[in-house]
Amino acid sequence: MRNTRSTQLLTELSQPGRRAVVMPKCDVPETPLSELLPADALADNPPALPELAEPEVVRHYTNLSTLNMSVDTHYYPLGSCTMKYNPKRNERLASLPGIVDLHPYQPEDSLQGMLQLLFELQQFLTEISGLPAISLQPAAGAHGEWTALMSAAAYFRSIGQENRKLVLSPDSSHGTNPASAQMAGFTAVTVKTVDGAVCMEDLRSKLNDQVAVFMITNPSTLGLFETQMAEIAEAVHAVGGLIYLDGANMNAVLGISRPGDIGADMMHYNPHKTFSGPHGGGGPGAGPICVAEKLAPFLPSPIVVKEGDKYRLDYDRPESIGRVRTFFGNVGVLVRAYCYILSYGPDGLKAVSENAVLNANYLLSKVKHFMPVPHGQRCMHEFVASAAKLKQEKGVTAMDIAKRLLDYGYHAPTVYFPLTVPEAMMIEPTETESKEMLDAFVETLFRITEESADLLHDAPHSTPISRPNEVAAARQPCLRAVCN
């Protein structure tokens, strides 16, 4: 029998006369509502609200919450998204009254603590990136991409090179790269990859005086470090273009490799991935960008600056592209990132990446024996296995495996991305998972590959909903409880 208390509507659980709370008698003279509100604002009858006792309300929402997977409840090896455990310490610190009770319209003199925190975070992030200028405003990684590209466009206008309208990116890049380029007014051009690396011949054939930016994710979505980075940067810079490094996978290189040191002119961070902010559910997120000195004048304003012992917001930036986000950005996420970085320090951040790479290579060494990994015998923070052989031999797809994992209590890896790997399963263990958890996951994954195709085609078998039409569910949601 399945627990259906969470899938029943509160109105279905309602019983006349039940109360979760009894309000005390009014201690001021009562006035009829008809004297306080106009007649057209009064309902003929009280609203038909559900009537339940407090335990019933609490159990309903607690049971409802258990239908979701999260990093607090399940192993979540979601490749390219770094779904690692979020330290609760950071949550407590970000909830301190001196932080959450601030209002962005307060005078700067009363915001000195928050401005100091943001200023120091700016310093941390520029040091980690090797790029000296920063904006904390962007609200997510893709928003950071767009903001940096808008800054690049402003830079090229300032030097009379408005003709630069091309943005190049590898065929294995995140889909947000070409999308951000289009949104910023550029034309996106794809560069081929060979064995997971940028095809230098194809890149050189597309470099000309119209190229503004080459966008690259390093480490890549295949979990590989681009060893040709210096050669790529030299070629792009030779035609006057800029290098944008998608920082989505910084979890693999903290304290080890700095984008600015390997040729990048711009990059974004995903603090909700790299620096422990909550991740998933559509937000909130943040996407700070770091850029080279020549791009600094064009960054969004304001930027936090320090003058003597005081901190202030610098709005005097005549070449700035302007605001891209209200107030100071998603401060709650930025505070968590600050706490995370300050807690670990330089050596700790390096250890984070070393353990992330170790865990991924350990998992790769186990998985490759029963599921091919097309690119590389070693990896950085993640790797991409392929279920193409299983599909050919048994008719079992990556989606079948992903759905079956839910029955065993694991969230599925990213599937069908990148598109350069057939039946792709992108697996990222992160640094926060134990060897015991990784061993259990590998054993489960192997067991699934040995199960019958018929069983897998109908998986998952233990969830309230098995395989909905995902397109229809998004476009035509059925907004009512599922009662089983």
ring-ring contact (aromatic ring centres under 6.0 Å, His included) between Phe275 and Tyr269, intermediate numbers included: CA-CA 9 Å; Phe275 301 124; Tyr269 288 99; 5.7 Å; yes
Steps toward side chain to side chain contact (heavy atoms under 4.5 Å, CB included) verdict (Phe417, Met426): CA-CA 7 Å; Phe417 180 78; Met426 188 191 301; 3.4 Å; yes
Side chain to side chain contact (heavy atoms under 4.5 Å, CB included) assessment of Val291 paired with Leu131: CA-CA 5 Å; Val291 302; Leu131 294 165; 5.8 Å; no
Verdict with reasoning, Cys81 to Tyr76, per side chain to side chain contact (heavy atoms under 4.5 Å, CB included): CA-CA 10 Å; Cys81 278; Tyr76 216 119; over 6 Å; no
Worked check of salt bridge (Lys or Arg N to Asp or Glu O under 4.0 Å) between Asp72 and Lys88: CA-CA 10 Å; Asp72 282 356; Lys88 297 301 173 278; 3.0 Å; yes
Evaluation steps, side chain to side chain contact (heavy atoms under 4.5 Å, CB included), between Val239 and Asp209: CA-CA 6 Å; Val239 299; Asp209 62 3; over 6 Å; no
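Panel note: side chain Asp407, backbone His461; a donor-acceptor pair is recorded below 3.5 Å. Put simply, the side chain of Ser353 never gets that close to the backbone of Lys350: no donor and acceptor are under 3.5 Å apart. Of the possible polar contacts, none joining the Asn177 side chain to the Ser173 backbone as a donor-acceptor pair under 3.5 Å is found. With Thr193 contributing its side chain and Ser172 its backbone, the two residues share no donor-acceptor pair below 3.5 Å. Asn270 places no side-chain N or O within donor-acceptor distance of the main-chain N or O of Lys273, the cut-off being under 3.5 Å. For Ser14 (side chain) and Thr11 (main-chain N/O), no donor-acceptor pair under 3.5 Å exists by modelled atom type. Judged by distance alone, the side chain of Gln210 and the main-chain N or O of Leu166 form no donor-acceptor pair under 3.5 Å. Side-chain atoms of Arg336 never come within 3.5 Å of backbone atoms of Ala94 as a donor-acceptor pair (strictly under, hydrogens ignored). Remark: the backbone N or O of Asn218 is not paired with any side-chain donor or acceptor of Glu226 at under 3.5 angstrom. Judged by distance alone, with hydrogens and angles left aside, the side-chain atoms of Arg258 form no donor-acceptor pair with the main-chain N or O of Gly260 at under 3.5 Å.
Residues Asn359 and Thr430 come closest through the heavy atom pair ND2-O, 2.9 Å. In this structure, Met425 and Ala402 approach most closely via the heavy-atom pair CE-N, 4.4 Å. Shown here for Phe383 and Leu363, the closest heavy-atom pair between the two residues is CE2-CB, 3.9 Å. The two residues Leu242 and Ala152 have their closest heavy-atom pair at CD1-CB, 3.9 Å.
Tyr410 has its ring centre less than 6.0 Å from the ring centre of Phe441.
More than 12 non-hydrogen atoms from other residues, nucleotides or ligands lie less than 6.0 angstrom from CZ of Arg323. Within a 6.0 Å radius of CD in Glu234, no more than 12 heavy atoms belonging to other residues, nucleotides or ligands are found. Around atom NZ of Lys192, no more than 12 heavy atoms belonging to other residues, nucleotides or ligands sit under 6.0 Å away. In the displayed structure, Arg467 atom CZ is contacted under 6.0 Å by more than 12 heavy atoms of other residues, nucleotides or ligands. Open room surrounds CD on Gln392; 12 or fewer heavy atoms of other groups in view lie less than 6.0 Å from it.
At least one side-chain heavy atom of Leu406 sits under 4.5 Å from a side-chain heavy atom of Met69. Taking 4.5 Å as the limit, every side-chain heavy atom of Lys403 sits out of range of all side-chain heavy atoms of Asp458. The side-chain heavy atoms of Asn361 and Cys379, taken from C-beta on, include a pair separated by under 4.5 Å. Side chains of Thr187 and Val167 form no contact here, defined as non-hydrogen atoms less than 4.5 Å apart. At least one side-chain heavy atom of His411 sits under 4.5 Å from a side-chain heavy atom of Leu78. For the pair Ser135/Pro288, no side-chain contact is recorded, criterion being any heavy-atom separation below 4.5 Å from C-beta on. Within the 4.5 Å cutoff, the side chain of Ile289 has no heavy atoms near those of the Met266 side chain. With contacts defined as side-chain heavy-atom distances shorter than 4.5 Å, the pair Pro50/Leu13 does not qualify.
Side-chain contact of Glu433 with Tyr75: a donor-acceptor pair under 3.5 Å is absent, judged by distance alone. In this model, a donor atom of one side chain and an acceptor atom of the other lie less than 3.5 Å apart for His174 and Ser80. Residues Glu120 and Tyr338 have side chains that bring a donor and an acceptor to within less than 3.5 angstrom of each other. Side-chain polar atoms of Ser129 and Thr126 form no donor-acceptor pair below 3.5 angstrom. There is a side-chain donor-acceptor pair under 3.5 Å between Glu431 and Asn251. Between Thr397 and Asp400, the side chains place a donor N or O and an acceptor N or O closer than 3.5 Å (distance only, hydrogens not considered). Remark: the Asp195 side chain and the His375 side chain contain no N/O donor-acceptor pair separated by less than 3.5 Å. Using modelled atom types, one finds no donor on one side chain facing an acceptor on the other under 3.5 Å when comparing Asn330 with His272. Side-chain atoms of Asp439 and Tyr362 form a donor-acceptor pair, as typed in the model, at a separation below 3.5 Å.
From Leu245, atom CG reaches atom CZ of Phe214 across 10.0 Å, with rounding to the nearest 0.5 Å. Note that CG of Leu149 and OG of Ser180 are 6.5 Å apart. Values are rounded to the nearest 0.5 Å. For the atom pair OG1 (Thr147) and CZ (Phe298), the distance works out to 15.0 Å, reported to the nearest 0.5 Å. One finds the CG atom of Leu125 at 6.5 Å from the CG atom of Leu136 (value rounded to the nearest 0.5 Å). Taken to the nearest 0.5 Å, the NZ atom of Lys368 stands 16.0 Å off from the OG atom of Ser386. To the nearest 0.5 Å, atoms CD1 (Ile448) and CZ (Phe446) are separated by 11.5 Å.
Checked for salt-bridge contact, Lys394 and Glu423 miss the test: no charged N lies under 4.0 Å from a carboxylate O. Salt-bridge check for Glu451 with Arg447: failed, with every basic side-chain N at 4.0 Å or more from each acidic carboxylate O.
Of the residues listed (Asn86, Val352, Leu93), the one engaging Tyr340 in a side chain to side chain contact (heavy atoms under 4.5 Å, CB included) is Val352, and it is the only one.
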